[in-house]
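To start, the structure itself, in structure tokens.
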Number of protein chains: 2
Amino acid sequence: MGPRADTIRERIISAADQLFYEKGYEQTSFADIAQAVNISRGNFYYHFKTKDDILDAVIDARLAKTSQLLQAWETEATTPAERIRRFIHILIANGGKIQRYGCPVGTLCTELAKLDHVSKDEANKLFILFRRWLSQQFTLLGREADADDLAMHLLARSQGVATLATAFQDEKFLNQEVKQLDDWLDQVVSSTKQPAASVIEN
Amino acid sequence: MGPRADTIRERIISAADQLFYEKGYEQTSFADIAQAVNISRGNFYYHFKTKDDILDAVIDARLAKTSQLLQAWETEATTPAERIRRFIHILIANGGKIQRYGCPVGTLCTELAKLDHVSKDEANKLFILFRRWLSQQFTLLGREADADDLAMHLLARSQGVATLATAFQDEKFLNQEVKQLDDWLDQVVSSTKQPAASVIEN
DNA sequence: TTCGTTTTAGGACAATTGTCCTAATTATTT
DNA sequence: AAATAATTAGGACAATTGTCCTAAAACGAA
């Protein structure tokens with residue numbers, strides 16, 4: 001495959017990734033991507049046969065990047081609560097882009113669902129990735145019983161905040177909701193008897 | 001305006017409304033709408049000059065329909081808490097469609113935001129309509145201080161549930177989250193001193 | 001250099017897009 | 001019945017879409 005770090009193929013994927021996010025998948029044309037990468041539209045076919053192929057490559061890239069991010073959080077943050085908080089705070093870290101373009105995961109999945117696109121399940125894997133990871137963190141927190149429910153709940157809350165932040169472009173609201181999520185997490189932590197790590201009995 | 005109940009104009013708006021919801025605005029063509037209404041593509045121009053004109057008409061129709069719905073809730077439900085609960089439960093009432101196409105308000109606003117469409121502010125009025133109405137109900141509940149925050153919070157929660165319900169097609173999750181919203185509302189009510197409405201005793 | 005492979009640019013292709021015009025057909029009024 | 005207005009169908013229009021072909025250029029190995 002591509003050992004070199006900056007192959008044309010990777011530059012195409014990177015440009016498509018950004019454009020799909022900012023303009024949406026259907027609204028982004030071959031011409032748009034070609035222009036962004038500075039290659040001719042004809043040459044495009046050499047690297048990707050169809051537009052769907054690009055989409056799949058972009059989703060794969062996002063999956064890899066997300067996987068990497070989650071892994072980094074695991075090494076950077078020592079406690080599961082801290083890790084979950086990292087997730088919550090991407091709402092602020094990416095606040096500017098979210099206010100302009102929404103959540104990259106949610107908006108893509110919603111668009112593909114409406115199109116009934118063949119790759120919609122592939123895109124949903126991005127959600128699944130976060131879901132599994134969050135679920136795992138809640139389990140480590142000692143909430144194995146409802147870890148997945150908590151993960152889904154947090155995912156939903158984040159999605160909702162992102163959607164309204166896009167519509168209203170309201171940074172105060174965004175910060176407010178993040179604070180509430182922080183409080184919610186604190187409550188989950190404090191209402192849990194004992195972290196499961198290194199604990200013998202439940 | 002149109003006194004007759006089933007003019008071609010209204011049938012166009014109705015068909016466009018549905019198609020915009022199911023396929024998205026950009027992904028819906030003149031041909032799609034013309035076929036749904038069973039008129040020729042050429043004739044279309046007589047009723048609407050541009051596609052943007054249809055969008056504006058659809059948004060206006062949705063605003064009117066939403067306004068009517070909220071007003072109906074006000075007469076059907078006597079207490080503000082009951083009215084807010086009506087809002088929460090559209091997630092279940094429209095559950096099937098939401099799982100397939102997402103929330104009609106959220107998905108339209110997000111799409112228009114990404115397109116940076118001229119009518120995006122017009123579409124956002126749908127959100128504003130709900131926001132104001134919910135805020136008013138929370139005020140009646142006796143929460144004038146944070147009524148708007150509560151309204152935004154509830155809006156966000158609903159949007160998030162809708163987005164994940166679309167991605168995961170999970171009815172159990174949807175019902176679960178609605179129950180949590182119900183509980184949340186109960187808590188808001190019980191933590192409030194006195195309803196402001198003309199009630200003598202609670 | 002010469003050969004063979006990789007990569008490129010340019011354009012053809014049919015289909016579809018939103019928009020717009022015109023001639024014919026209805027419907028309404030006189 | 002005649003005249004006027006409202007509504008329609010059909011198609012033209014240029015632009016853009018995703019896809020695909022081919023000939024030239026760039027490259028690397030011999």
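Every heavy atom of this structure was used, including side-chain atoms; hydrogens, water molecules and symmetry mates were not. First the proteins, then the strands, lettered A, B, ... as listed; each starts at 1.
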Should the pair B:Phe168 and A:Phe127 be assigned to parallel (<30°), tilted (30 to 60°) or perpendicular (>60°) ring geometry? tilted
Going by atom types only, do A:Asp17 and A:Ser14 share a side-chain donor-acceptor pair under 3.5 Å? no
Which residue lies toward the 5' end of DNA chain D, B:Ile8 or A:Ala31, if each is placed at its nearest nucleotide? B:Ile8
Donor-acceptor pair between A:Glu74 and A:Trp133 side chains, under 3.5 angstrom: yes
Are B:Ser29 and B:Asp32 close enough that a side-chain donor and a side-chain acceptor fall under 3.5 Å? yes
Reported CD1-to-CG distance for the pair A:Ile13 and A:Asp60, which is rounded to 0.5 angstrom: 8.0 Å
Between which nucleotides of DNA chain C, read 5' to 3', does contact with chain A run, using atoms under 4.0 Å from its heavy atoms? C:dT6 to C:dA12
OP1 or OP2 of D:dT7 versus the side-chain N and O atoms of B:Asn43: is any pair under 4.0 Å? no
Can you tell me how far CZ of A:Arg11 sits from CD1 of A:Ile39, rounded to the nearest 0.5 angstrom? 8.0 Å
So which one's nearest nucleotide on DNA chain C is more toward 5', A:Gly42 or A:Tyr46? A:Tyr46
Ring of A:Tyr25, cation from A:Lys51 - is the NZ or CZ under 6.0 Å from the centre and inside 45° of the axis? yes
Using five base pairs at each end, measure the axis-to-axis angle across the helix from C:dT2-D:dA29 to C:dT30-D:dA1 and round it to 10 degrees. 0°
Do the two ring centres, one from B:Phe130 and one from B:Phe87, sit under 6.0 Å apart? yes
Whole-Å distance separating the OH atom of B:Tyr45 from the P atom of D:dA9: 17 Å
